[in-house]
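Report on the following structure.
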Amino acid sequence: DGFDLLVINGLVVTASDTANYDIAIKDGKIALLAPPGVLGKESAKRVIDAEGGYVMPGGVDTHVHLEEPALFGGKGRSSDTFETGTRSSVCGGTTTIVAFAPQAKTIPSLLAVLEDTHARAKDNCYTDYSFHMLVGHPGEQALSEFPRLRELGISSLKIYMTYEALQLRDDQILDILLASRREGITTMIHAENGDVLNWMTRKLEERGLYAPKYHATSRPQIVETEATNRAIALAELMDAPILVVHVSSPSAAAHLRTAQTRGLPVYAETCPQYLFLTRADLDRPDFEGAKCVCSPPPRESAADHDAIWLGLANGTFTVLSSDHCPFMYEDREQGKKSILSDAFPEGRFSGIPNGCPGIETRLALTLSANRLPLQKFVEVTSTNAARLYGLYPTKGTILPGVSDADLTIWYPPGRLGSFKLTNSMLHHNVDYTPFEGVELNQWPRWTILRGQVVWDRDGGGLVGKKGYGQFVRRGKSTLPGPRKSGDWDVSVF
Ligand code: DUC
Ligand code: ZN
Ligand code: ZN
Ligand code: ZN
């Protein structure tokens with residue numbers, strides 16, 4: 001019997017190839033790829049004509065915060081739920097997300113946290129999804145649960161070198177790296193030196209410097225670079241694979257590159273904020289700079305952006321994620337405006353929750369900038385994320401008989417002309433985008449998840465259903481792991 005869907009006349013782009021193929025989909029899977037015209041239109045229930053537009057594996061965004069309590073300074077709670085965040089995601093071409101399951105310092109069990117997070121996501125998602133454990137309390141109980149986490153399909157965790165609610169000491173980081181290595185878990189590290197940036201913040205406040213732009217002053221590149229270097233050293237000591245998240249600094253990138261050249265399983269992530277925003281955006285008038293407060297902060301200049309783009313092109317950065325970490329700007333109780341007061345008429349940067357929304361804009365911003373080869377774009381926004389976090393090749397590619405039929409189909413180049421991004425185009429539960437006004441020339445025309453059209457920009461917009469998204473059990477990373485060699489033997493532990 002026939003196919004469920006044909007996608008014809010597309011320029012199919014994967015991390016490894018670019019060619020004209022028609023794609024046949026059946027039962028939610030990629031069934032086959034054929035030269036244009038070979039598969040008759042009558043062989044399928046539905047036909048989508050891509051008219052020469054790019055057809056890519058669905059976006060995979062492996063750094064997303066949804067429904068989290070206040071952890072990142074200030075009082076802000078994530079304003080996006082699993083429902084609104086994943087809704088926004090499919091409208092921007094991303095079909096799989098990995099969000100965080102956050103363990104506060106007061107909770108001993110990771111399994112309990114995982115169960116709670118499952119309950120929040122279940123029946124609420126428009127995308128397929130998984131979780132990284134966010135480990136705030138690596139005590140005996142949490143460490144003993146790692147094997148069970150792997151059985152439950154969780155193969156990654158994130159830890160922090162800053163934030164009062166989350167910061168770990170180096171010995172705690174070693175505990176995590178050792179246990180992760182044993183179980184085939186990848187450790188994501190937020191690399192900023194919390195003690196140093198707290199000291200800087202105190203000194204700035206003593207001088208009455210409270211405006212949003214001083215957020216960047218409080219954490220210069222060296223704060224990130226020192227922590228990155230320390231993270232690499234600790235990972236080398238334990239021979240454990242790490243991914244340094246949201247890298248913003250060219251100097252941190254250089255340390256990561258050196259580690260990679262030495263053959264260490266050290267991976268790196270960057271985000272659109274470090275390609276499109278600068279420190280000047282923190283100085284927007286009327287406290288609007290608060291919209292761009294994230295950590296690490298946007299850096300100084302176009303030269304910094306150039307270095308990050310280069311790191312994407314040359315492989316220093318394995319993935320380009322959104323770090324979607326949404327907070328309302330106008331919110332009396334918990335938002336950024338709430339910290340404006342008579343005492344702090346310019347606001348107070350240390351009270352602004354750190355993070356920007358970006359789950360829906362990641363792909364269009366990056367593709368429209370036209371600074372990466374197409375295959376590299378697919379690699380860093382989909383394929384490598386799937387590989388690093390154990391989703392490949394179900395996700396992240398278009399392998400007949402194997403991959404889920406998750407596709408992002410773009411407009412034919414030039415079709416949309418040039419237009420400005422505005423928050424009114426977006427589907428998140430956030431009252432701004434830090435990228436307001438950026439010129440775009442692309443947007444996903446169709447997003448397909450397991451064979452179902454979930455976003456049809458010219459035919460109904462969001463057409464996916466809440467709850468169609470499923471939890472995906474993940475395996476081990478398929479990128480190189482521990483070297484099992486080196487100048488000392490970690491197996492003595
Ligand atoms: N780190 C994140 O990963 N997200 C938002 C805030 C932060 O510091
Ligand atoms: Zn305890
Ligand atoms: Zn972080
Ligand atoms: Zn984050």
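When a ligand or atom number is given, it counts from 1 through the structure's own listing order.
- The ligand atoms of ligand 1 that sit less than 4.0 angstrom from a heavy atom of K158 are 1 (N), 2 (C), 3 (O).
- Contact annotation: for S295 versus ligand 1, heavy atoms closer than 4.0 Å belong to both the backbone and the side chain.
- For ligand 1 and H63, the ligand atoms under 4.0 Å from any heavy atom of the residue are 2 (C), 3 (O).
- When only interatomic distances are considered, the shortest N/O to N/O separation between N354 and ligand 1 does not fall below 3.5 Å.
- Of the heavy atoms in D323, only side-chain atoms (C-beta onward) come closer than 4.0 Å to ligand 1.
- Taking every heavy atom of C325 and a limit of under 4.0 angstrom, the matching atoms of ligand 1 come to 5 (C).
- Of the possible polar contacts, one joining the S301 side chain to the A303 backbone as a donor-acceptor pair under 3.5 Å is found.
- Protein heavy atom closest to atom 7 (C) of ligand 1, with residue, atom name and distance, is Y163 OH, 3.4 Å.
- The existence of a salt bridge linking E145 and R148 is excluded, since no basic side-chain nitrogen approaches an acidic carboxylate oxygen closer than 4.0 Å.
- Cation-pi geometry between R450 and Y468 is met: the NZ or CZ atom falls under 6.0 Å from the ring centre, inside 45° of the normal.
- Geometric assessment of K466 against the ring of Y126 yields a negative cation-pi assignment under the 6.0 Å and 45° thresholds.
- S156 and H132 share a side-chain donor-acceptor pair at under 3.5 Å.
- Using a cutoff of 4.0 Å between basic side-chain nitrogens and carboxylate oxygens, E236 and R262 are scored as salt-bridged.
- Interface atoms of ligand 1 facing H246, defined by a heavy-atom separation under 4.0 Å, are 1 (N), 2 (C), 3 (O).
- The contact set between ligand 1 and H65, taken as ligand atoms under 4.0 Å from a residue heavy atom, comprises 2 (C), 3 (O), 4 (N), 5 (C).
- Sorted by chain and number, the protein atoms of type N, O or S within less than 2.8 Å of the Zn ion (ligand 4) are H63 NE2, H65 NE2, D323 OD1.
- Ring-plane geometry between H118 and F131 is classed as perpendicular, the angle between the planes exceeding 60 degrees on a 0 to 90 degree scale with a lower cut at 30.
- Ring geometry for F82 versus Y129: interplanar angle of 30 to 60°, hence tilted.
- A cation-pi geometry, defined here as NZ or CZ lying under 6.0 Å from the six-membered ring centre and within 45° of its normal, holds between R387 and Y392.
- Here the two rings, on H246 and H63, have centers that are under 6.0 Å apart.
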